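Working notes for the structure below.
The model shown is predicted, which means the values in this text are computed figures rather than measured ones.
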Amino acid sequence: MSLEIDGDTESTTPVWAAFGDLMSVLLGVFALILVGVIGVQMQLSSRLDQEVRQRQVEAQRRKSLEQALAVPLATGRVTLVDGRIGIRGSVLFALNSDQLQPEGRELLKTLSGPLSDYLRARDEILMVSGFTDDRQVRDGNSQFADNWELSARRALTVTRALIAEGVSSSSVFAAAFGAEQPVSSNADEQGRAKNRRVEIAPMPKPSKST
């Protein structure tokens with residue numbers, strides 16, 4: 001009888017030892033998973049905090065820009081949609097002209113400071129785009145070959161005026177769209193006046209090739 005009991009004890013001892021080893025391994029794995037989860041949560045929390053701070057800074061910059069635009073926005077001289085500043089062509093130029101009017105020059109002067117601050121805080125550049133209505137400028141005006149040239153010359157004029165007021169020349173460029181991409185109908189003068197415009201819009205800088 002004694003011999004049988006001793007035999008059972010010897011056979012069960014390795015089982016408990018293996019079970020203990022298994023539990024140790026499981027606890028170790030659980031600890032590693034827990035540490036990993038905590039690390040991921042900390043990273044997510046840090047990224048969330050950074051994103052919140054960035055959005056706060058962005059909101060402040062937009063607020064400063066909106067404050068600078070408060071008067072021209074109220075008078076209808078400019079629009080601000082999704083960060084794009086639209087300036088009515090009649091504010092900047094006389095009909096079929098690329099020479100800045102005094103009112104337009106003063107407006108660009110008030111915008112140059114907030115725009116420079118905006119660009120210094122972001123990895124972006126400004127695209128100054130010229131647009132026209134669909135009427136051909138060659139009728140009675142031989143200075144420009146077509147609407148493409150008129151929109152290009154106007155965009156360049158605004159770009160140079162901003163640079164003269166302190167906007168970095170490496171942070172702004174001009175683009176011409178002619179009569180393309182109208183914001184209103186060209187069927188009447190009111191719509192055509194809306195389409196004769198210049199837009200100033202931030203966009204990401206081109207990536208540098210390595």
Side-chain angles (χ1 to χ4, degrees), residues 58 61-62 65-66 68-69 72-112 114-116 118-119 122-165 167-209:
E58 172 69 15
R61 284 196 297 266
R62 287 186 179 273
L65 191 57
E66 290 175 359
L69 290 170
L73 280 171
T75 57
R77 292 184 296 168
V78 303
T79 58
L80 183 61
V81 180
D82 296 331
R84 299 194 315 273
I85 302 169
I87 308 176
R88 287 171 50 191
S90 59
V91 174
L92 297 171
F93 308 101
L95 187 64
N96 290 336
S97 171
D98 65 340
Q99 300 300 309
L100 274 177
Q101 300 188 115
E103 180 186 12
R105 190 173 297 278
E106 286 300 315
L107 176 59
L108 294 176
K109 185 180 297 185
T110 63
L111 294 179
S112 60
L115 287 174
S116 295
Y118 181 89
L119 291 173
R122 299 176 63 88
D123 192 29
E124 292 183 343
I125 55 178
L126 293 179
M127 180 172 69
V128 179
S129 305
F131 302 84
T132 69
D133 59 27
D134 64 346
R135 290 195 169 181
Q136 294 301 315
V137 298
R138 285 181 293 181
D139 297 337
N141 189 326
S142 59
Q143 185 178 1
F144 309 104
D146 51 26
N147 281 325
W148 288 102
E149 184 175 353
L150 174 59
S151 64
R153 294 275 290 275
R154 286 182 167 181
L156 281 171
T157 297
V158 173
T159 298
R160 287 166 177 157
L162 290 174
I163 293 172
E165 294 298 334
V167 176
S168 172
S169 60
S170 62
S171 298
V172 60
F173 70 99
F177 290 86
E180 305 300 325
Q181 301 185 21
V183 294
S184 186
S185 171
N186 282 302
D188 53 45
E189 178 52 34
Q190 184 177 4
R192 289 193 293 272
K194 292 180 179 179
N195 292 331
R196 296 192 295 267
R197 69 197 191 278
V198 171
E199 290 185 356
I200 303 173
M203 61 181 300
K205 285 185 178 180
S207 57
K208 295 182 179 178
S209 58

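Scanning for salt bridge (Lys or Arg N to Asp or Glu O under 4.0 Å) contacts around E149 gives R153, with sequence neighbours left out. Applying the ring pair (Phe, Tyr, Trp, His ring centres under 6.0 Å) test to F93 and every residue at least two apart in sequence or in another chain returns nothing. Partners of A201 according to the side chain to side chain contact (heavy atoms under 4.5 Å, CB included) rule, which considers only residues two or more places apart in sequence or in another chain, are R84.
When every heavy atom of A176 is checked against every heavy atom of W148, the shortest pair comes out as O-CZ3, 3.4 Å. In plain terms, the two heavy atoms of S168 and V172 that are nearest each other are O-CG1, 3.5 Å. Minimum interatomic distance between R154 and L95 (heavy atoms only, all atoms of both residues): NH2-C, 4.1 Å. Residues A161 and L100 come closest through the heavy atom pair CB-CD1, 3.7 Å. What you find for N147 and D133 is that their closest heavy atoms are ND2-O, 3.3 Å. Contact detail for S170 and I125: the closest heavy-atom pair is O-CG2, 3.9 Å.
Here R197 contributes atom CZ and F177 contributes atom CZ; the two are 9.0 Å apart, rounded to the nearest 0.5 Å. Here CD of E180 is found 11.0 Å from CG of N195. Values are rounded to the nearest 0.5 Å. The CD atom of E103 sits 10.0 Å away from the CD atom of E106 when rounded to the nearest 0.5 Å. Between atom CG of residue L126 and atom OG of residue S116 there is a gap of 8.5 Å, rounded to the nearest 0.5 Å. Interatomic distance, CD of E199 versus CD of Q181, reported as 8.0 Å (0.5 Å rounding). Atom-to-atom distance recorded for Q136:CD and N96:CG is 10.5 Å, nearest 0.5 angstrom.
The closest donor-acceptor contact from the side chain of Q101 to the backbone of S90 lies under 3.5 Å. No side-chain donor-acceptor contact under 3.5 Å links R192 to the backbone of Q190. T132 places a side-chain N or O within 3.5 Å of a backbone atom of G178 that can act as its donor or acceptor partner. No side-chain donor-acceptor contact under 3.5 Å links D123 to the backbone of P204. Within the 3.5 Å criterion, the main-chain N or O of D98 finds a donor-acceptor partner in the side chain of T157.
Electrostatic pairing of R196 and E189 counts as a salt bridge here, judged by a charged N lying under 4.0 Å from a carboxylate O.
Looking at heavy atoms from C-beta onward, L115 lies in side-chain contact with I85 at the 4.5 angstrom threshold. Taking the side chain as every heavy atom from C-beta outward, I87 and L108 approach each other to under 4.5 Å.
Within a 6.0 Å radius of CZ in R160, other residues, nucleotides and ligands contribute 12 heavy atoms or fewer.
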